[in-house]
Undergrad: 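This is the structure I have questions about; it appears just below.
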Amino acid sequence: MASDFDRRRFIKAASAAGLVGLAGCSGGPSGDGGDGGDGDVPARVGIVYSDGGLGDNSFNDAAQQGIFQAEEEFGIEYDESEPDGAGEFEQFQQQYAGSTDPAYDLVCTIGFNQGDALTQTAPEYPDQDFMIVDTTVDEPNVASYLFREHEGSFLMGVLAARLTETEFSAGAGETDPDSTNVGFVGGLDSPVIRRFQAGFEAGVDYASDDVDVTTSYVGSYSDPTGGREAALSMYQSGADIVYHASGATGVGVFQAAQSEGRFAFGVDQDQSVSDESFADVILASMVKRVDTAVYESISNVIDDEHQGGSTTALGLESNGVECVYGQQIGDQVPDEITTAVSDARDEIIAGNIDVPETTSN
């Protein structure tokens with residue numbers, strides 16, 4: 001089994017992002033399987049992606065951007081892995097941690113669902129530095145990064161509620177000012193995605209007493225068909241804006257928005273750019289700077305300042321989460337609505353709005 005995972009680590013991942021097999025990818029290991037460099041490489045990094053893998057134009061791709069930035073700025077070398085499911089997380093983590101040729105200075109684990117596996121792996125390799133995104137692993141060699149998704153999602157809720165009560169058209173979409181609901185589509189029903197939902201619902205409630213949120217969890221981060229069906233149900237029930245936090249499943253939400261002539265909100269990256277074929281319906285995205293967490297963890301290791309045993313929370317005040325308007329149509333959102341979103345951001349940072357992290361149902 002170990003040899004099979006070793007083979008897959010170098011040839012399986014990144015094809016969705018247009019890269020060749022990892023043994024030959026830019027920033028990857030040398031073709032001879034040796035140390036991959038001349039001894040001057042500042043760090044070698046292994047990264048284990050979450051469910052859905054690369055090509056989601058969202059969460060995993062955002063993490064990869066952090067690797068790319070570190071490669072460009074520091075000259076690191078890296079290897080990538082895309083597990084087929086949660087059952088493979090621990091095996092990939094351990095393979096990187098146990099490798100001596102090459103040896104890895106940092107192992108990045110992307111996604112809350114790697115937490116259980118890393119809780120087992122990290123104590124077994126106390127000299128290996130790890131980082132994890134979206135959960136906390138309380139081990140001295142693990143740097144944990146959390147995001148205040150609820151804060152950024154609150155802004156999306158304000159934006160959705162104000163827009164749905166306004167007669168507005170842009171690109172391929174339009175609102176119905178008589179609409180009394182907006183939608184939220186989640187991937188896996190988990191505490192992380194519940195934070196997105198909780199913030200979004202709170203933002204809607206803050207902005208309007210007359211708008212409700214319809215919610216659906218597809219149960220996967222890689223099911224565009226399920227995302228499309230969930231969003232179509234919402235649009236056909238009167239919602240004119242649907243916000244998703246569902247990885248590649250969100251492609252289906254965008255497809256539904258186009259087919260129904262409505263709007264959608266993206267997540268993690270500016271999806272009007274990363275999914276530009278849907279830019280005519282993506283009004284805004286709740287950008288979550290997973291790339292920043294990956295990049296900063298690598299920078300810390302290079303500087304011999306790994307933040308093992310600590311948890312870093314990134315919110316609005318640090319631009320760890322942001323409401324980013326779509327590249328094609330976002331600039332058409334009325335000024336009074338963008339001002340309301342900006343004012344809400346300021347109030348959250350000032351501590352005048354306490355955004356909930358959990359839902360009521």
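Residues: numbered from 1 along the sequence shown.
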Undergrad: Enumerate the salt bridge (Lys or Arg N to Asp or Glu O under 4.0 Å) contacts for residues 200-225, please, sequence neighbours excluded, ordered by first and then second residue.
TA: none
Undergrad: For side chain to side chain contact (heavy atoms under 4.5 Å, CB included), just list the numbers for Glu80 and Leu54, CA-CA rounded to whole Å, side-chain angles, deciding distance to a tenth of an Å, and then say yes or no.
TA: CA-CA 10 Å; Glu80 305 169 287; Leu54 293 168; 3.9 Å; yes
Undergrad: For Asp116, give me all partners under side chain to side chain contact (heavy atoms under 4.5 Å, CB included), at least two apart in sequence or on another chain.
TA: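 Side chain to side chain contact (heavy atoms under 4.5 Å, CB included) list for Asp116, sorted by chain: empty.
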Undergrad: Centroid separation under 6.0 Å, is that true for the rings of Phe74 and Tyr295?
TA: yes
Undergrad: Between the main-chain N or O of Gly55 and the side-chain N or O of Asp61, is there a donor-acceptor pair closer than 3.5 Å?
TA: yes
Undergrad: Atom CD in Glu167, atom CG in Asp176: separation rounded to 0.5 Å?
TA: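 If I round to the nearest 0.5 Å, the distance is 9.0 Å.
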Undergrad: What about Leu188 and Val218, same hydrophobic cluster or not, with Ile/Leu/Val/Met/Phe/Trp/Tyr joined at side-chain heavy-atom distances under 4.5 Å?
TA: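 Different hydrophobic clusters.
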Undergrad: More than 12 heavy atoms of other residues, nucleotides or ligands under 6.0 Å from CG of Asn319: is that the case?
TA: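 For Asn319, atom CG is crowded (more than 12 foreign heavy atoms under 6.0 Å).
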Undergrad: In the single-linkage hydrophobic clustering (I, L, V, M, F, W, Y; side-chain heavy atoms under 4.5 Å), do Val273 and Val281 co-cluster?
TA: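 Hydrophobic grouping puts Val273 apart from Val281.
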Undergrad: Give the C-alpha distance, both sets of side-chain angles, the deciding distance and a yes or no for side chain to side chain donor-acceptor pair (under 3.5 Å) between Asn141 and Tyr125.
TA: CA-CA 9 Å; Asn141 55 338; Tyr125 299 91; over 6 Å; no
Undergrad: Passes side chain to side chain contact (heavy atoms under 4.5 Å, CB included), Val45 versus Asp105? Steps please.
TA: CA-CA 6 Å; Val45 178; Asp105 300 287; 5.9 Å; no
Undergrad: Taking all heavy atoms of Ser246 and all of Gly186, pick out the closest pair and write down the distance.
TA: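 That would be CB-C, 3.8 Å.
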Undergrad: Would you kindly confirm whether Val185 and Phe200 end up in one hydrophobic cluster when ILVMFWY residues are joined by side chain heavy atoms under 4.5 Å apart?
TA: no
Undergrad: Assess whether atom CD of Glu336 is packed by more than 12 heavy atoms of other residues, nucleotides or ligands within 6.0 Å.
TA: yes
Undergrad: In this structure, which one of Phe59, Phe278, Tyr221, Phe254 forms a ring-ring contact (aromatic ring centres under 6.0 Å, His included) with His244?
TA: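 In the set Phe59, Phe278, Tyr221, Phe254, the residue that makes a ring-ring contact (aromatic ring centres under 6.0 Å, His included) with His244 is Phe254.
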Undergrad: Report whether Ile110 and Leu314 are members of the same hydrophobic cluster (ILVMFWY, side-chain heavy atoms less than 4.5 Å apart, transitive linking).
TA: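 In one cluster with Ile110: Leu314, yes.
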Undergrad: Say whether Gln258 and Asp280, considering side chains only, have a donor N or O and an acceptor N or O under 3.5 Å apart.
TA: yes
Undergrad: Nearest 0.5 Å, what's the CD1-CD distance between Ile298 and Glu71?
TA: 10.0 Å
Undergrad: Between CG of Asp343 and OG1 of Thr338, what distance do you get to the nearest 0.5 Å?
TA: 9.5 Å
Undergrad: Run the side chain to side chain donor-acceptor pair (under 3.5 Å) test against Tyr325 and tell me which residues pass, sequence neighbours left out.
TA: none
Undergrad: Taking Glu77 for its side chain and Gly75 for its backbone only, find out whether a donor-acceptor pair lies under 3.5 Å.
TA: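 Not confirmed, Glu77 side chain does not pair with Gly75 backbone.
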Undergrad: With hydrophobic residues grouped by side-chain heavy-atom distances under 4.5 Å, do Val107 and Ile132 end up in a single group?
TA: yes
Undergrad: Taking all atoms of both residues into account, what is the closest heavy-atom pair of Ala293 and Val133, and its distance?
TA: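 For Ala293 and Val133, the tightest heavy-atom pair comes out as CB-CG2, 4.4 Å.
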Undergrad: Counting N and O atoms only, with roles assigned by atom type, does the side chain of Asn60 sit under 3.5 Å from a partner on the main chain of Asp51, one being a donor and the other an acceptor?
TA: yes
Undergrad: Which residue in the set Ile47, Asp129, Ile76 passes side chain to side chain contact (heavy atoms under 4.5 Å, CB included) when paired with Leu106?
TA: Asp129
Undergrad: Counting only heavy atoms from other residues, nucleotides and ligands, does the tally under 6.0 Å from CD of Glu72 exceed 12?
TA: no
Undergrad: Just by distance, do the side chain of Gln271 and the backbone of Asn57 share a donor-acceptor pair under 3.5 Å?
TA: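 Pair found, side chain donor or acceptor close to backbone of Asn57.
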Undergrad: With distance as the sole test, does Thr249 use its side chain to make a donor-acceptor pair with the main-chain N or O of Ser220 at under 3.5 Å?
TA: yes
Undergrad: I need the minimum non-hydrogen distance between Pro123 and Leu118, along with the two atoms involved.
TA: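 Scanning both residues completely, I find the closest heavy atoms to be CD-O, 4.1 Å.
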Undergrad: Counting heavy atoms not belonging to Asp354, are there more than 12 under 6.0 Å from its CG?
TA: no
Undergrad: Would you give the length of the straight line joining atom CZ of Arg289 to atom CG of Asp268, rounded to the nearest 0.5 angstrom?
TA: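 Reported to 0.5 Å precision, the distance equals 11.0 Å.
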Undergrad: Output all residues satisfying ring pair (Phe, Tyr, Trp, His ring centres under 6.0 Å) with Phe168, sequence neighbours left out; order by chain, then residue number.
TA: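 Ring pair (Phe, Tyr, Trp, His ring centres under 6.0 Å) list for Phe168, sorted by chain: Phe263.
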Undergrad: Strictly by modelled atom types, are Thr109 and Gln114 linked by a side-chain donor-acceptor pair under 3.5 Å?
TA: no
Undergrad: Which atoms form the tightest heavy-atom contact between Met286 and Val321, and what is the distance?
TA: SD-CB, 3.8 Å
Undergrad: Just wondering, are more than 12 heavy atoms of other shown residues or ligands nearer than 6.0 Å to CG in Asp304?
TA: no
Undergrad: What donor-acceptor contacts under 3.5 angstrom involve side-chain atoms of residues 143-164, with partners at least two apart or in another chain?
TA:
{"from": "Ser144", "atom 1": "OG", "to": "Val137", "atom 2": "N", "distance (Å)": "3.1"}
{"from": "Arg148", "atom 1": "NH1", "to": "Glu317", "atom 2": "OE1", "distance (Å)": "3.3"}
{"from": "Arg148", "atom 1": "NH1", "to": "Glu317", "atom 2": "OE2", "distance (Å)": "3.0"}
{"from": "Glu149", "atom 1": "OE1", "to": "Arg195", "atom 2": "NE", "distance (Å)": "2.8"}
{"from": "Glu149", "atom 1": "OE1", "to": "Arg195", "atom 2": "NH2", "distance (Å)": "3.2"}
{"from": "Glu149", "atom 1": "OE2", "to": "Lys288", "atom 2": "NZ", "distance (Å)": "2.7"}
{"from": "Glu151", "atom 1": "OE1", "to": "Leu316", "atom 2": "N", "distance (Å)": "3.0"}
{"from": "Ser153", "atom 1": "OG", "to": "Glu149", "atom 2": "O", "distance (Å)": "2.9"}
{"from": "Ser153", "atom 1": "OG", "to": "Phe196", "atom 2": "O", "distance (Å)": "3.4"}
{"from": "Ser153", "atom 1": "OG", "to": "Tyr243", "atom 2": "OH", "distance (Å)": "2.8"}
{"from": "Thr164", "atom 1": "OG1", "to": "Ser179", "atom 2": "OG", "distance (Å)": "3.3"}
{"from": "Thr164", "atom 1": "OG1", "to": "Asp240", "atom 2": "OD1", "distance (Å)": "2.6"}
{"from": "Thr164", "atom 1": "OG1", "to": "Asp240", "atom 2": "OD2", "distance (Å)": "3.2"}

Undergrad: Indicate yes or no for a side-chain donor-acceptor contact from Ser272 to the backbone of Gln327 under 3.5 Å, with no hydrogens or angles considered.
TA: yes
Undergrad: For Tyr217, enumerate each residue passing the side chain to side chain donor-acceptor pair (under 3.5 Å) test, keeping only those at least two apart in sequence or located in another chain.
TA: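 So Tyr217 forms a side chain to side chain donor-acceptor pair (under 3.5 Å) with Gln197.
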Undergrad: Nearest 0.5 angstrom please: Arg345 CZ to Cys323 SG, how far?
TA: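 So the CZ of Arg345 and the SG of Cys323 are separated by 10.0 Å.
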Undergrad: Kindly indicate whether the side chain of Val211, heavy atoms from C-beta on, has any atom under 4.5 Å from the side chain of Glu165.
TA: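 In short, these two side chains touch, coming nearer than 4.5 Å.
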Undergrad: Is any side-chain heavy atom of Ile193 closer than 4.5 Å to a side-chain heavy atom of Phe184?
TA: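 In short, these two side chains touch, coming nearer than 4.5 Å.
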Undergrad: Looking at Ala231 and Val253, what are the two nearest heavy atoms and their distance?
TA: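 Looks like CB-CA, 3.9 Å.
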Undergrad: Are Arg44 and Asp79 packed together at the side-chain level, in the sense that at least one heavy-atom pair is separated by less than 4.5 angstrom?
TA: yes
Undergrad: Any donor-acceptor pair under 3.5 Å linking the side chain of Ser318 with the backbone of Gly315?
TA: yes
Undergrad: Ignoring hydrogens, what is the shortest heavy-atom contact between Ser274 and Gln269? Give both atom names and the distance.
TA: CB-OE1, 3.6 Å
Undergrad: Begin with the C-alpha distance, continue with both residues' side-chain angles, and end with the deciding distance and a verdict on side chain to side chain contact (heavy atoms under 4.5 Å, CB included) for Thr121 and Phe89.
TA: CA-CA 10 Å; Thr121 300; Phe89 287 146; over 6 Å; no
Undergrad: In Å, rounded to the nearest 0.5 Å, how long is the span from OH of Tyr235 to OG of Ser259?
TA: 8.5 Å
Undergrad: Would you find a donor on one side and an acceptor on the other, under 3.5 Å apart, between the side chain of Ser99 and the backbone of Tyr96?
TA: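 Answer holds: no.
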